[in-house]
Amino acid sequence: RLGWPGVIEAYRAFLPVGPRTPVVTLLEGGTPLLEAPKLSARVGARVLLKLEGMNPTGSFKDRGMTMAITKALEAGAKAVVCASTGNTSASAAAYAARAGLRAAVLIPEGHIALGKLAQALVHGARVLQVRGNFDEALRIVRELGERAPVTVVNSVNPDRLEGQKTGAFEIVDELGDAPDLHCLPVGNAGNITAYWRGYLEYREAGRVTRLPRMLGFQAKGAAPIVEGRVVERPETIATAIRIGNPASWRGAEAAAAESGGAIAAVSDEEILDAYRFLAVEESVFCEAASAAAVAGLLRSEVPRGATVVCVLTGHGLKDPDLAISQIQVPDAVEPTFGAVTEALGL
Ligand code: F0G
């Protein structure tokens, strides 16, 4: 949007920054809240989609990363490190490059979407593929944070959640109050924790008259919070949320409990149904993990006429392999008028 200053300048009063803090921004945030008419008709409520794929690196992670990199720079850090299922690494790579910091990212070998891997590499991060899953990579990164001269920019870094809570501010600023229901995918559980904090802080500030019920959705094969136990070998087509031991587990539980919401699981099949529905009926191309929010909404009890916000956390172009697996790539035709009209049945 014209003149949008990025989330730190937009919400400075709510963030741990001072007048001399060196703000590192790519003008993240200010993302569209799009009406979803077909989805609204299907669930009998007003459903809006928060398009976080419109952020500079194509996911919501940029909200937290502008804060984490800004604070790292302020503290004199030279290098940052993270474990990631892909989006955090893409965002860390971009913001670190902007700040002139070195970035190292640890990703689970063979289980990150191609677009995200490409981003981390083109922005010049040192990318290490780990022969293990996200949880194992994060364990090593936490240890690096304690024993090596690097700043961890995973959401275990409190500055990340500070930045991410601005998503809630934007929703309220646009709607004039909090929605009735807030749906989002849950992986490492930082985002649901941050959104809930955002709504609570806006209540403190007298900007809302009510709070939403927070509905968080994990993928069935990677649903530790739902099952109440660590999942050693998480599996789901939604690689972004292929996490078995979320760092903000408690935060997610608190958000669900305090808001009268829930954490529930959706199958890969439901996720893909929602992914295709969003693309075909709402013209929104999001990644599979994001579609989990809508898959979850579709299996939830929704009061008639309620206002519902689903956060679509990342852009569909992040994962071209998944997209192509969901459609049929057409055969080529001869470069003639006749061949084209015949192929189109005209
Ligand atoms: N949606 C997308 C597209 C994500 O990339 C993630 C997390 C989530 C949802 C879940 O958010 O972790 O705050 O509960 N991705 C992290 C990463 C883990 O490394 O990019 P969460």
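Atoms within a ligand are numbered from 1 in the order they appear, just like the ligands themselves.
Counting heavy atoms from C-beta outward, Leu49 and Glu35 have side chains that stay 4.5 Å or more apart. In this structure, Ser59 and His315 have side chains that are not in contact, with every pair of non-hydrogen atoms separated by 4.5 Å or more. Contact annotation: the side chain of Leu215 approaches that of Leu181 to within less than 4.5 Å [non-hydrogen atoms, C-beta and beyond]. Lys50 has its side chain out of reach of Leu184: every pair of non-hydrogen atoms, C-beta onward, lies at least 4.5 Å apart. The shortest side-chain heavy-atom distance between Lys165 and Glu201 falls under the 4.5 Å cut-off.
Contact atoms of ligand 1 toward Val186: 14 (O) (distance under 4.0 Å to a heavy atom of the residue). Residue-ligand proximity, Glu287 to ligand 1, at heavy-atom distances under 4.0 Å covers atoms 3 (C). Each of the atoms 13 (O), 14 (O), 21 (P) of ligand 1 lies under 4.0 Å from some heavy atom of Gly190.
Judged purely by atom type and a 3.5 angstrom limit, Glu227 has no side-chain atom pairing as donor or acceptor with the backbone of Pro224.
Among all protein heavy atoms, the one lying closest to atom 11 (O) of ligand 1 is Phe60 CZ, 3.5 Å. Counting protein heavy atoms only, atom 4 (C) of ligand 1 is closest to Ala240 CB, 3.5 Å. Distance from atom 13 (O) of ligand 1 to its nearest protein heavy atom, with residue and atom name: Asn191 N, 2.8 Å. Among all protein heavy atoms, the one lying closest to atom 18 (C) of ligand 1 is Thr85 OG1, 3.4 Å. Considering only non-hydrogen protein atoms, atom 16 (C) of ligand 1 sits nearest to Lys61 NZ, 2.9 Å. Looking at atom 5 (O) of ligand 1, its nearest protein heavy atom turns out to be Asn87 ND2, 2.8 Å. For atom 20 (O) of ligand 1, the closest non-hydrogen atom of the protein is Thr88 N, 2.8 Å. Protein heavy atom closest to atom 2 (C) of ligand 1, with residue, atom name and distance, is Thr313 OG1, 3.3 Å.
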- prompt: How far apart are the C-alpha atoms of Thr307 and Arg46, what are their side-chain angles, what is the distance that settles it, and do they pass the side chain to side chain donor-acceptor pair (under 3.5 Å) test?
  reply: CA-CA 5 Å; Thr307 299; Arg46 180 188 180 201; 4.7 Å; no
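In terms of polar-atom proximity, Gly187 is counted as a contact of ligand 1, with an N or O under 3.5 Å from an N or O of the ligand. Considering both main-chain and side-chain atoms, Asn188 comes within under 3.5 Å of ligand 1 through a nitrogen or oxygen pair.
When heavy-atom distances to ligand 1 are checked against a 4.0 Å cut-off, Ile241 comes that close only through its side chain, counted from C-beta outward. Contact annotation for Ala289 and ligand 1: only side-chain heavy atoms (C-beta onward) come within less than 4.0 Å of the ligand.
Within the structure, the closest approach of Ile243 to ligand 1 falls below 4.0 Å when heavy atoms are considered. Under a 4.0 angstrom heavy-atom cut-off, Ala189 registers as being in contact with ligand 1.
Between Tyr199 and Phe169, the distance separating the two ring centers is not shorter than 6.0 angstrom.
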